[in-house]
Amino acid sequence: MNTFLTIEDLTVTLGTSCPILRSVNLKVKAEEVRGLVGESGAGKSMIGKAVFGTLPTALRITSGRIILDGEDLQSLSPRERRRIIGAKAALIPQDPLTALNPSRRIGPQITNRLVDILGWHKADARLRALELLDEVHIPEPERVMRSYPHELSGGMRQRILIASAFAAKPKLIIADEPTTALDVIVQKQVLQMTKEMQKRHGTALLFVTHDLGVVSKICQSITVLYNGLVLEDTSIAQFFKQPSHPYSAALLRATPKYTDPDSSLMPVPSAVIRAADEEVRACDRIHQNV
Amino acid sequence: MTRIKRILLRLLTMSITLFGVAVIVFFVIRVVPGNPISMMLPPGAQEEDIARLQALYGFDRSIPEQFFIWLSGVMQGDLGTSITTHQPVLGLVLSRLPATLELSVVALFLAVFIGGFLALASTRMRGTRVEGMIDVANGMALSIPDFLWGLVLVLLFGVLWPVFHISGRISPTLDFQFQTKFYLFESVMRLRFDIWLDLVSHMFLPALALAIPLAAIIAQLLKQSLKETMHLDYVTLSRTKGYGENHVIIQEALPNAILPTLTLVGVQFTFLIGGTVIIERLFSYEGLGNMAIDAVINRDLPLIQGIVILFALIFTIVNLAVDLTYAALNPKLRHG
């Protein structure tokens, strides 16, 4: 099977010394949905930002390669890199309320990538947008195309963003916690929608989340990140049956169970945290010696 | 229906504002020391001559009485007669209004152009030395008032390196019959670019002096709101689509960042028009401001009243225009 995204030994640091991502290795194959989980601040979103080249200016890629559909992104000129990214990858952002430009109509916000970056004709792009809006079950797509974002609900906007991400038939989609800002019912619809679209278009999907419940529903494989370090990389079945890393096991135990609402929350034990921190330090030591 | 109602409400508040301005200016200029009659007569004039003149101009009546006589005239479009020139005030101010309007509008365009360019440039080059230099220049422009800029410009481009005219509105040697008082506009419409060039070379320095402080304010505020907008999710999303920095700044961030600046430009534009009073004097530009200073020196009360009312009218119209533009640019306000 083709591998659409390969991240090799990616290290991102803040300033010169403080690592944010530590030699991260990650692969997403064609038609695969990979979950990327970790606590807040583990660096989940930074992986996506590194791929898209939208890291904050204070952060810097110090080593590693990012290969998107056979192209080594780090070796390209910024202009080339942007074009490849625009054509082959897409982002489903976290917050649908802030991810659409409030002063532009929906239509151009879906079609602009096709027209400006990929050189489609306006009419073709419009047809494509209508088709996609229909696929994500948006009623009256013609009217929605003419609407401004503030005229639509949060769930609708998230579906529009999903449709927009699939517009250019990308090889890879990175969804950055796309359900966090939505309520539970809309969350479920959006998840189904994302999964459905991914299947239909055969896209590789990297799903960034801190919700293991979501992971169990739509992912085939999972990468666990702790403080910028990959602790576990395995299939979903294996992960939920027998996680190899104690931290993963502790995370699983910490998930609240809706079947037993009286059970108290299980925090990740401090011994596990200490062990994980020790691994992080060991990783840093190796890199200092090199 | 609601739309008509809103416009009517707006016109009502506008007329209340104008009435307030009329009351204040009318009473204030009659309370301050110095009166027009003593300016007209030689020292040692006879008592009955003074009384006759006062009766002629209506100054023998009580101030409220004078006010209502003047106000009823204003309602019928009669602003009174100038004491110094014995001509109708309305005709006088209208003959000078186009010159001041042209000057202020040109200054506004200069300010928007310079300020907007600086804001975009420093956003594009944020974190570099260019941004620092623009910040320093902004600080300087902000801390010096327009009339001092006027003097600086006169020294630089009128005396040391005389490339522009520093006095008047048009060269007196030019033989050209204007049909209107909007010289700049008319010269373009009649395709007389030689005349246009002469007008511009007269207008450029006073307009620039008026524009510099406003340009600095625009640059500062627009840069600030661009900076905030550049971090928003939809800007990031458009980067992931493959767009470069220029597109992201101009197409995505600018339309949203411009709104707070626009309101401020409206308010500041009225200050700019106020600034024309001194700038026109400095550059001997034949506009309303210059006339206002003469009117004050000569205690020409009806003329002062007329000019102030006209300025107030311009201010309220500018404010209305800003609100309308704001609604046009912000889709959320359009159906509100």
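Numbered from 1 within each chain, the chains take letters A, B, ... in sequence-line order. Excluded from the calculations below are hydrogen atoms, water molecules and symmetry mates; all remaining heavy atoms, backbone and side chain alike, are included.
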Chain A-proximal positions within residues 223-254 of chain B [heavy-atom distance under 4.5 Å]: B:D233, B:Y234, B:T236, B:L237, B:R239, B:T240, B:K241, B:G242, B:Y243, B:G244, B:H247, B:Q251, B:E252
Contacting moiety of A:T54, where chain B heavy atoms sit under 4.5 Å: side chain
A:R79 atom CZ, neighbour heavy-atom count above 12 within 6.0 Å: no
Residue part contacting chain B, namely of A:L100, when any heavy atom lies under 4.5 Å: backbone
Enclosure of A:R34 CZ (heavy-atom neighbours >12, cutoff 6.0 Å): yes
Region of A:R104 in contact with chain B, defined by heavy-atom distances below 4.5 Å: side chain
Greatest number of heavy atom pairs closer than 4.5 Å to chain B - which of A:L91, A:L97, A:N101: A:N101
Neighbour count >12 (heavy atoms, 6.0 Å) for atom CZ, B:F193: yes
Heavy atoms of other groups near A:K195 NZ, more than 12 under 6.0 Å: yes
Residue part contacting chain B, namely of A:T57, when any heavy atom lies under 4.5 Å: neither
Heavy atoms from other residues, nucleotides or ligands near CZ of B:R126 exceed 12 (cutoff 6.0 Å): yes
NZ/A:K44: more than 12 non-hydrogen atoms of other groups inside 6.0 Å: yes
Leading residue by heavy atom contact count with chain B [cutoff under 4.5 Å; candidates A:N112, A:D116, A:I85]: A:N112
Per-residue contact mode, A:L161 against chain B (heavy atom under 4.5 angstrom): side chain
CH2 (A:W120) with more than 12 external heavy atoms under 6.0 Å: yes
A:A99 portion near chain B, given a 4.5 angstrom heavy-atom threshold: both
